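These numbers come from the heavy atoms of this one structure, side chains and all, not from hydrogens, waters or symmetry mates. Every chain is numbered from 1 and lettered A, B, ... according to where its sequence line falls, protein lines coming before strand lines. All of these numbers come straight from a predicted model, not from anything done at the bench.
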There are 2 protein chains.
Amino acid sequence: MSSDRTRSAILAAAERLYADRGFGDVTLRDIVAEANVNLAAVNYHFGSKDELIAELFVTRSLATNRERLNELKAAEEKGGGRAPIEAILHALVGPTLRGCLGPDREGSTAARFMIRASIESVPPIRRIKNREVDHLRKFIAAMRRAMPGRDDADLYWGLHFALAMSHHTIREKERLAKLSEGQCDLNDVDAIVERVVSVSVMALTGGEAPTKKAPGKVAASHGRLTRQDL
Amino acid sequence: MSSDRTRSAILAAAERLYADRGFGDVTLRDIVAEANVNLAAVNYHFGSKDELIAELFVTRSLATNRERLNELKAAEEKGGGRAPIEAILHALVGPTLRGCLGPDREGSTAARFMIRASIESVPPIRRIKNREVDHLRKFIAAMRRAMPGRDDADLYWGLHFALAMSHHTIREKERLAKLSEGQCDLNDVDAIVERVVSVSVMALTGGEAPTKKAPGKVAASHGRLTRQDL
DNA sequence: TTGCAATTCAAACACTTGTATGAAACTATC
DNA sequence: GATAGTTTCATACAAGTGTTTGAATTGCAA
C-alpha cells in the first residue's frame with residue numbers, strides 16, 4: 001500500500017486536461033501522457049475512465065456542498081434557527097459562483113473543471129448530479145422556515161431561478177462578456193453573487209404579499225401563485 | 001436533381017434519434033438504420049456528420065429567432081417604436097419556452113431536439129450559437145429604447161438572467177419536477193413564461209429607481225449598480 | 001434506345017477508443 | 001536475502017467510429 005503518487009498524478013492531469021479541453025476530446029492516452037504514467041495505470045487505480053471522472057466530480061462537488069451547508073448552518077444559528085432568505089440564497093449560490101468565477105486560487109483548475117462539468121454533462125457526472133436532490137431539499141426546508149406560509153411551489157421556483165442564474169452565468173460567462181463588450185464585470189464575484197441573490201429574493205417576495213398566505217384573490221385550480229405583471 | 005426523399009428521411013431520423021437519445025450515443029449507423037437508407041448517403045447528401053447536425057440546428061434556431069423578432073417587431077409597432085420591457089422580454093423567452101416545453105405539436109421532436117442541443121453542446125452547434133450575439137443585440141437595443149438612461153450593464157444582466165431562467169427551466173425540467181414532487185406545474189407554459197418575464201422585469205426595475213440614472217449614492221469605481229439587499 | 005448524370009449500395013478503410021493481459025520491476029516483510 | 005504482494009510497463013485486443021471507394025442502379029433527356 002504505497003505509491004499513490006501515480007494515482008494523484010492521474011487525478012491532477014485529468015482534472016487539468018478536462019478543465020482545459022472538455023470531456024469530449026480528452027482521451028485516457030492524453031491523460032497518462034500528461035501525467036507521465038502508463039496507460040494501464042488508470043484502469044489499475046480507478047477501474048475505468050468513468051470512475052475516474054466520477055471521483056473527480058464527487059470530490060469537488062462534495063466540497064462545494066459542504067461549503068454551502070456550513071454557510072447555511074452558520075446563518076441559521078445566528079438567527080436562532082431561522083435565517084433570512086437572503087442569507088439562505090447567499091449560502092446556496094455563493095460557493096458555486098466563488099468557486100467557478102473567482103480568481104485563480106490554486107490555479108483554478110478545480111473551478112474550470114466544475115465549469116466543464118456544468119456544461120458538458122457526461123454520463124458519470126449526470127448520475128451523480130441526480131443524487132443532488134436531497135441536498136437541495138435542505139435549502140427548501142430552510143426557505144420554508146424563513147418564509148412560512150409561502151406556497152411551496154413558489155419556493156421551488158425561487159430556488160430553481162437562483163440556480164439558473166448562477167449556473168448560466170458560469171456557463172455563459174464568455175458569451176456575456178462578448179455580448180456586453182466588457183461592460184459586465186465578471187471579475188467582481190461578490191457583486192455577481194449579490195446581484196443573483198437580490199434578483200432571487202425579488203422573485204420570492206416581490207410578486208405578492210411579503211409573508212403569509214395571500215387571501216384568495218385568484219382561484220384554486222392548482223397551486224398557481226398570483227402575480228401582477230403584464 | 002431528384003430524390004431528396006433520402007435527404008429528408010435522414011434529417012427526420014436524425015432529429016428524432018438525437019432528440020430521444022442525445023448526440024453522445026447516436027451514430028451515423030443508427031441514423032441510417034432508422035431512415036432505411038444507406039450509410040454513405042449521409043456523407044453524400046450532407047458532406048459530414050457535423051454538417052448534418054449543423055443543418056438540423058440552424059433550421060430550428062432560425063425558426064425560433066424569426067419568431068422572436070416577429071413578436072418584438074409587433075410589440076414595438078404597437079407602441080410606436082417603443083415596446084414595454086415586459087413585451088420585449090416576452091418576445092425573447094416566449095418562443096423558446098413554448099417551443100421546448102409546449103405540448104406535442106407535430107410530435108415535439110423538434111422541441112426535444114432543441115432541448116438536447118441546449119444541454120449537450122456539441123462542437124457544430126457551439127459554433128453556430130456563437131454567432132447568435134448579433135441577434136441578442138437587437139433585444140438589447142429594444143430594451144435601451146424601453147428604458148432610456150438605464151445603465152447598459154444592467155440591461156445586459158437583465159437579458160442574461162432572462163435567458164438563464166428560461167434555458168435552465170428547459171434543461172432541468174425533470175429535476176425541478178422531481179425536486180418539487182410535481183408541485184411546480186411544468187405543463188402550463190404560459191404561466192412559466194409569465195413567471196420568467198415577471199422576475200426578469202423585477203431584475204431590471206426592482207432594485208433601484210425605476211427610470212433614469214440613479215443619482216450617486218454609491219461611488220463610481222466601475223459602472224456597478226446600487227442595490228439594497230443583505 | 002442510348003447515353004449520361006445523379007443516386008444508391010455493399011464493402012472496406014483508417015483510425016481512435018477504452019480495456020485486458022502477462023511479464024517485469026519494485027517494495028516491504030520475514 | 002528470499003519471498004509475496006503491489007505496482008508499473010509494453011503491447012495487444014476488440015469494438016466502434018466517420019469516411020471513402022468504386023461498382024451497381026436508377027431516372028431522365030436526346
Side-chain angles (χ1 to χ4, degrees), chain A residues 1-58 113 116-117 120-128, chain B residues 1-58 113 116-117 120-128:
Chain A
M1 181 189 291
S2 72
S3 154
D4 55 1
R5 205 168 64 240
T6 318
R7 213 187 127 87
S8 345
I10 292 174
L11 283 171
E15 183 164 50
R16 185 166 48 242
L17 288 181
Y18 285 142
D20 286 343
R21 320 204 318 240
F23 299 96
D25 50 348
V26 168
T27 76
L28 285 190
R29 285 168 176 82
D30 294 332
I31 294 174
V32 299
E34 178 88 358
N36 284 313
V37 153
N38 186 272
L39 174 58
V42 173
N43 287 275
Y44 178 78
H45 283 281
F46 298 93
S48 73
K49 182 194 189 186
D50 278 10
E51 291 175 81
L52 165 61
I53 294 180
E55 171 151 346
L56 279 171
F57 183 70
V58 165
F113 171 82
R116 286 291 182 183
E120 290 202 18
S121 160
V122 69
I125 290 184
R126 210 163 343 177
R127 275 192 288 274
I128 295 163
Chain B
M1 181 188 293
S2 71
S3 153
D4 54 2
R5 204 167 65 239
T6 315
R7 213 187 129 86
S8 345
I10 292 174
L11 283 171
E15 184 165 48
R16 183 165 49 241
L17 287 181
Y18 284 142
D20 285 344
R21 319 201 322 236
F23 298 97
D25 49 350
V26 170
T27 78
L28 286 191
R29 284 168 176 82
D30 293 333
I31 295 173
V32 300
E34 178 87 358
N36 283 314
V37 152
N38 186 273
L39 174 58
V42 173
N43 288 274
Y44 178 78
H45 283 281
F46 297 94
S48 72
K49 184 195 187 184
D50 278 10
E51 290 176 81
L52 166 62
I53 294 179
E55 171 150 345
L56 278 171
F57 184 70
V58 165
F113 171 81
R116 287 290 182 183
E120 290 204 16
S121 160
V122 70
I125 290 184
R126 212 166 341 183
R127 275 193 289 274
I128 294 162

### Task
Write down the distance between CD1 (A/Ile10) and P (D/dT7), rounded to a whole number of angstrom.
12 Å
### Message
For a 4.5 angstrom cut-off between non-hydrogen side-chain atoms, does A/Glu55 reach A/His45?
### Response
no
### Query
Would you say B/Arg127 and B/Asp50 make side-chain contact, with heavy atoms under 4.5 Å?
yes
### Task
Specify the residue among B/Asp50 and A/Val37 whose closest nucleotide of DNA chain D lies further upstream toward the 5′ end.
A/Val37
### Query
Between B/His45 and C/dA6, does any side-chain N or O lie under 4.0 Å from OP1 or OP2?
no
### Message
Can you tell me how the ring of A/Tyr18 sits relative to the ring of A/Phe113, calling it parallel under 30°, perpendicular over 60° and tilted otherwise?
### Response
tilted
### Query
Side chain of B/Asn43, backbone of B/Ala40: donor and acceptor closer than 3.5 Å?
no
### Summary
note: B/Leu39, atom CG; D/dT19, atom P; distance rounded to Å ~ 10 Å
### Task
Figure out the CG/P separation between B/Asn43 and C/dT8, and round it to whole Å.
13 Å
### Query
Taking the side chain of A/Tyr44 as heavy atoms from C-beta outward, which of D/dT8, C/dA6, D/dT19 is closest to it?
D/dT8
### Task
Specify the residue among A/Asn38 and A/Thr27 whose closest nucleotide of DNA chain C lies further upstream toward the 5′ end.
A/Thr27
### Task
Could you check how far CG of A/Leu28 sits from P of D/dA14, rounded to whole Å?
19 Å
### Query
Looking at B/Thr6, does any N or O in its side chain come under 4.0 Å of the phosphate oxygens OP1/OP2 on C/dT8?
yes
### Query
How is B/Ala40 classified with respect to the nucleic acid when contacts are heavy atoms under 4.0 Å: base, sugar-phosphate, or nothing?
base
### Query
Counting N and O atoms only, with roles assigned by atom type, does the side chain of A/Glu120 sit under 3.5 Å from a partner on the main chain of A/Gly24, one being a donor and the other an acceptor?
yes
### Message
If I take atom CZ in residue A/Phe46 and atom P in nucleotide D/dT7, what distance separates them, rounded to the nearest angstrom?
### Response
12 Å
### Task
Round to the nearest Å and state the distance from B/Arg7 atom CZ to C/dA6 atom C1'.
15 Å
### Task
Can you tell me the distance, in whole Å, between the CG atom of B/Asp30 and the P atom of D/dG16?
11 Å
### Query
Is there a donor and acceptor pair, one atom on the side chain of B/Arg29 and one on the base of D/dG18, closer than 3.5 Å?
yes
### Task
Using whole Å, report how far CD of A/Glu51 lies from P of C/dT19.
9 Å
